[in-house]
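Treat the numbers as computed from the prediction; the structure is a model and nothing was measured. Residue numbering restarts at 1 for every chain, and letters A, B, ... go by the order of the sequence lines.
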Amino acid sequence: MYRTHTCGELRLENIGTPVTLAGWVQTVRKFGSITFVDLRDRYGITQLLFGEALNPQLDDQPLGREFVIQVEGTVTERSNKNKNIPTGDVEITVSKFTILNKAQTPPFTIQDDTDGGDELRMKYRYLDLRRNIVRQNLELRYRVNRAARNFLDSKGFMDIETPFLIKSTPEGARDFVVPSRMNPNEFYALPQSPQTFKQLLMVSGYDRYYQIVKCFRDEDLRADRQPEFTQIDCEMSFVEQEDILNNFEEMLKYIFKEIKGIEFKDAFPRMTYDHAMEFYGNDKPDIRFEMKLVNMNDTVKGNGFKVFDEAELVVAICAKGCAEYTRKQLDELTEWVKRPQIGMTGLIYARYGADGSIKSSVDKFFDESKLKGWAEKTGAQPGDLILVLAGKEERTRKAMSELRLEMGERLGLRNKDVYAPLWVVDFPLFEYDEEDKRWVAKHHPFTSPKPEQISWMDDLSKYGNIKANAYDIVLNGTEVGGGSIRIFQRDLQEKMFAALGMDEEEFNHKFGFLLGAFEYGAPPHGGMAWGFDRLCALLGGSESIRDFIAFPKNNSGRDVMLDAPSAIDQKQLDELQIALK
RNA sequence: GGACUAGUAGUUCAGGUGGUUAGAAUAAUGGAUUGUCGAUCCAUAGGUCACGGGUUCGAAUCCCGUCUGGUCCGCCA
């Protein structure tokens, strides 16, 4: 046995106990004839004292940072206690030590405020993972995982694994593809999600399924997107949307209570997709603060100001208490909206002074009484600032959504310790793909339309109006989960495929197995999938999911530690019958 | 596919407008030190200024290209 205790557990009550510890050398503090060593493992840090008798041995066998050592000794009370660490009342008076393994000096310091940059820490991820902060993130992830499993288990959900080597479908995200050696010129795809499998499990009668499972999408990455990510994937039979929302709202409440000690007493608010788009400009509103978008078309048009008169949409927000913004700050905001990522040509503003006067950047076209109308429309009070954008509807709404978030950030309204969950419901069934000039599924092609709108699928002009029984759970402006009631009848599913532009041959080829299954007694069903990494990041107060993944990839999809992806041997290519371009 | 940003000692960074020998902190190494816990003090060593090309009498600095990291737009049912 290498150790009798961990480095985190010894306390005053252990005084006098002979112990053996093993761990990593955090620091060595040498004082002539005595030496202190901080010994670290996953559980904590314990101070070792090499006294006068043993100290000379350290001259022959010097200890360096990150050496792995084993020590025997006795737990003793410290004369100078350290209140900053749990084991700070005691130290181990060492009688014997063994160097189990030497270590090179690490390229960055293994401590909370490390000097290492991102790149280096990713390359030596196994060292980065030794750091408290990173370890705590992984511990949080594990606890969230346990909480989700506990909850789902208590509700009778059954964890069933589904395959990773499956069939490629062109819908949705790009597939990662795996060549098949035994079937030359053919390829598996890695699942973007276990969607069809969980539906087949419903057909098989496993009416409550879940899985915490990897999904793969070959698309460009972001701080909150990885090519392989983890979902809490769930599906239920004989349920309506209301049942699913209630069940998973309870799950999120349970997770919050277990992980953060936060109790949500009230039901989560719900908002329709249309409402979210109109008043927040996006389908995942951050409702920690108001600052709603106000459509100004009727208020401002027809005053001879071309920018407004020619715009599809004029939209405003009211920034509370910002009337005193300086010209410099407003210019900066203007520059901000003119960045290519936002893409507006300018920003119009009106300051509602504390004295009741209103001054705008377009006084030439709008006198004070007209500007009072702006204030009335936006709910601005003396002391507030009205910000206005105008232009093409979609771009302008989107830009204002971004500006709203930016203003929320600047005004400190996006406190990461405040959690505001929200259901967004009634998503559209379809959206129009401008590039391909066709209608595509907004959620996925297995999503059920609102039953009363099914007949609209025969009328192309109504496609944009059809709503689905589809919903997202949004937390602080981040989509952390989503799902839908599924189609479970063959004829409706065929109708859906046809609406998406597939002919009979095509959908039979791609989804014949599902259509076939629907002919053998498919129950009504629905479910949802949670972005597990994002949920962990939110609970951990971080923007980046990489902090919560043991071995993440960078934003080019590379694993810089392994240096993957990489070229493969010609022999491997030959076996796969693949020729490189 | 595109935009922005960064790359200087092991590491984190500083090095207006081009100009002598490229600095600091930290880590490392050696020495001193019996109560530290971010130990302290003294000393030492440490540089392909990412890479390639160009402008110039002269480039870490200016220009072009490439690579790498990060953030974002497009994309991600």
Participant: Let's see if you can work this out: which of B/G38, B/G69, B/U36 has an atom nearest to the side-chain heavy atoms of A/Asn84?
Facilitator: B/G38
Participant: Between A/Glu435 and A/Gly116, who's closer to the 5' end of RNA chain B by nearest nucleotide?
Facilitator: A/Gly116
Participant: Give the nucleotide from the list B/G35, B/G69, B/C37 with an atom nearest to the side chain of A/Ser79.
Facilitator: B/G35
Participant: I need the single residue from A/Lys442, A/Lys467, A/Lys450 that forms a salt bridge (charged side-chain N to carboxylate O under 4.0 Å, His left out) with A/Asp426. Which is it?
Facilitator: A/Lys450
Participant: Check every atom of B/G69, B/C37, B/G35 against the side chain of A/Asp38 and return the nucleotide holding the closest atom.
Facilitator: B/C37
Participant: Under 4.5 Å between any side-chain heavy atoms of A/Phe97 and A/Val37, yes or no?
Facilitator: no
Participant: Among the nucleotides B/U36, B/U11, B/A3, which one has an atom lying closest to any side-chain atom of A/Arg78?
Facilitator: B/U36
Participant: Going by an N to O cut-off under 4.0 Å, is there a salt bridge joining A/Lys328 and A/Glu332?
Facilitator: no
Participant: For B/U71, take OP1 and OP2 only and decide whether either is under 4.0 Å from a side-chain N or O of A/Arg546.
Facilitator: yes
Participant: Can you identify which nucleotide, out of B/A27, B/U36, B/G69, has its nearest atom closest to the A/Thr105 side chain?
Facilitator: B/A27
Participant: Any idea which of B/C76, B/U68, B/C72 is nearest the A/Glu119 side chain?
Facilitator: B/U68
Participant: Ring-plane angle category for A/Tyr124 and A/Tyr126, please: parallel below 30°, perpendicular beyond 60°, tilted otherwise.
Facilitator: perpendicular
Participant: Find the distance A/Ile342:CD1 to B/G74:P and express it as a whole number of Å.
Facilitator: 10 Å
Participant: Rounded to the nearest 0.5 Å, what's the gap from CG on A/Leu39 to SG on A/Cys7? Could you check?
Facilitator: 4.0 Å
Participant: Closest to the A/Lys30 side chain: B/G35, B/U33, B/C76?
Facilitator: B/U33
Participant: Given atom CE of A/Met122 and atom P of B/U68, what is their separation to the nearest angstrom?
Facilitator: 17 Å
Participant: Counting any heavy atom closer than 4.0 Å, what does A/Gly88 reach on the DNA or RNA strands: base, sugar-phosphate only, or nothing?
Facilitator: nothing
Participant: Counting side-chain heavy atoms from C-beta on, which of B/A28, B/C37, B/C72 comes nearest to A/Arg222?
Facilitator: B/C72
Participant: Taking only side-chain N and O atoms of A/Lys398, does any of them lie within less than 4.0 angstrom of OP1 or OP2 on B/G74?
Facilitator: yes
Participant: Would you say B/A39 has OP1 or OP2 under 4.0 Å from some side-chain N or O of A/Arg29?
Facilitator: yes
Participant: Distance check: side-chain N/O of A/Thr35 vs OP1/OP2 of B/U36, anything under 4.0 Å?
Facilitator: no
Participant: Can you tell which of A/Phe197, A/Phe507, A/Phe488, A/Phe511 makes a ring-ring contact (aromatic ring centres under 6.0 Å, His included) with A/Phe446?
Facilitator: A/Phe511
Participant: So A/Leu120, base contact, sugar-phosphate only, or nothing? Heavy-atom distance under 4.0 Å.
Facilitator: sugar-phosphate
Participant: B/C75 C1' sits how many Å from A/Glu434 CD, rounded?
Facilitator: 15 Å
Participant: Flag as yes if A/Phe31 stacks onto the base of B/U33 (centroids under 5.5 Å, planes under 30°), otherwise no.
Facilitator: no
Participant: Under 4.0 Å between a side-chain N/O of A/Asn555 and OP1 or OP2 of B/U71, yes or no?
Facilitator: yes
Participant: Using the side-chain heavy atoms of A/Asp220, tell me which of these nucleotides is nearest: B/C75, B/G69, B/C37.
Facilitator: B/C75
Participant: What nucleotide among B/C76, B/U36, B/G69 has an atom nearest to a side-chain atom of A/Arg225?
Facilitator: B/C76
Participant: With a 3.5 Å cut-off and just heavy-atom distances, do the side chain of A/Gln341 and the base of B/G74 make a donor-acceptor pair?
Facilitator: no
Participant: 5'-most contact on RNA chain B: A/Thr27 or A/His444, nearest heavy atom basis?
Facilitator: A/Thr27
